[in-house]
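Contents: one structure, followed by commentary.
All residue numbers refer to positions in the sequence shown, counting from 1.
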Amino acid sequence: QVQVVESGGGSVQAGGSLRLSCAASGYTYSTDLYCMGWFRQAPGKEREGVANITNFGTTSYADSVKGRFTISKDNVKKILYLQMNSLKPEDTARYYCAAGPYGWQSCARTQSAFRYWGQGTQVTVSS
């Protein structure tokens with residue numbers, strides 16, 4: 001069973017940076033992790049897709065983070081990253097890593113595209 005575990009969350013002041021990591025284990029083939037992504041959920045709000053990436057490196061970002069966040073993936077180590085720059089208080093949320101195998105769904109920033117989920121890591125941005 002594929003497992004993904006996030007790390008790197010914390011507290012930072014507005015304008016600062018953080019890098020989240022997501023380590024995958026329990027996979028058999030690299031295609032088990034074809035689509036990987038980051039979601040976030042703030043208190044009282046729905047979970048939203050932040051960014052996603054395929055094994056081919058195709059990426060997609062939410063408009064609210066374009067130009068500030070960068071998703072990347074180490075296909076050898078099977079680690080997913082989210083570099084977050086110019087952080088704003090509205091970026092405060094619990095951030096979740098997710099993975100979906102090839103053929104599961106089209107890779108997109110929707111929860112249905114992902115089969116495996118982490119427990120999340122908290123990011124707090126103060127003004």
### Task
Test side chain to side chain contact (heavy atoms under 4.5 Å, CB included) on Lys78 and Ser25 and set out the steps.
CA-CA 8 Å; Lys78 298 299 186 284; Ser25 62; over 6 Å; no
To the nearest 0.5 Å, tell me how far [X] [atom1] sits from [Y] [atom2].
X: Arg94; Y: Thr121; atom1: CZ; atom2: OG1; value: 6.5 Å
X: Lys73; Y: Cys22; atom1: NZ; atom2: SG; value: 10.0 Å
X: Gln119; Y: Cys97; atom1: CD; atom2: SG; value: 11.5 Å
X: Leu82; Y: Tyr61; atom1: CG; atom2: OH; value: 7.5 Å
X: Thr28; Y: Gln1; atom1: OG1; atom2: CD; value: 10.5 Å
X: Leu87; Y: Asn85; atom1: CG; atom2: CG; value: 7.5 Å

Among the clusters formed by ILVMFWY side chains lying less than 4.5 Å apart, do [X] and [Y] turn up in the same one?
X: Leu20; Y: Ile71; result: yes
X: Met84; Y: Trp38; result: yes
X: Phe114; Y: Leu33; result: no
X: Met36; Y: Tyr34; result: no
X: Phe69; Y: Leu18; result: yes

### Message
If you apply the rule side chain to side chain contact (heavy atoms under 4.5 Å, CB included), what do you find for Glu6 with Leu80, and how did you get there?
### Response
CA-CA 9 Å; Glu6 306 92 338; Leu80 179 73; over 6 Å; no
#### Entry: Atom CD of Gln3 with >12 non-hydrogen neighbours under 6.0 angstrom
no
#### Entry: Gln83 atom CD, neighbour heavy-atom count above 12 within 6.0 Å
yes
### Query
After noting the C-alpha distance and the side-chain angles of Phe39 and Trp117, does the key distance pass the ring-ring contact (aromatic ring centres under 6.0 Å, His included) rule?
CA-CA 10 Å; Phe39 287 74; Trp117 292 83; 4.9 Å; yes
### Query
Charged N to carboxylate O under 4.0 angstrom, Asp63 versus Lys66?
yes
Sub-3.5 Å donor-acceptor pair from the side chain of [X] to the main-chain atoms of [Y], do we have one?
X: Gln41; Y: Ala93; result: no
X: Asp91; Y: Val125; result: no
X: Glu48; Y: Arg40; result: no

### Message
Working note: Thr70 + Tyr81, criterion side chain to side chain contact (heavy atoms under 4.5 Å, CB included); need CA distance, chi angles, decisive distance, verdict.
### Response
CA-CA 8 Å; Thr70 302; Tyr81 301 100; over 6 Å; no
Which pair of non-hydrogen atoms, one from [X] and one from [Y], has the smallest distance, and what is that distance?
X: Tyr116; Y: Pro101; value: CE1-CD, 4.1 Å
X: Pro89; Y: Ala14; value: CD-CB, 4.1 Å
X: Gly49; Y: Ala62; value: O-CB, 3.5 Å

### Message
With heavy-atom distances below 4.5 Å as the criterion, would you say the side chains of Tyr102 and Ser30 are in contact?
### Response
no
### Query
When you check the side-chain N and O atoms of Ser86 and Arg68, is any donor under 3.5 Å from an acceptor?
no
### Task
Output, in order, the C-alpha distance, side-chain angles, deciding distance and verdict of side chain to side chain contact (heavy atoms under 4.5 Å, CB included) for Asn75 and Phe56.
CA-CA 10 Å; Asn75 283 324; Phe56 297 112; over 6 Å; no
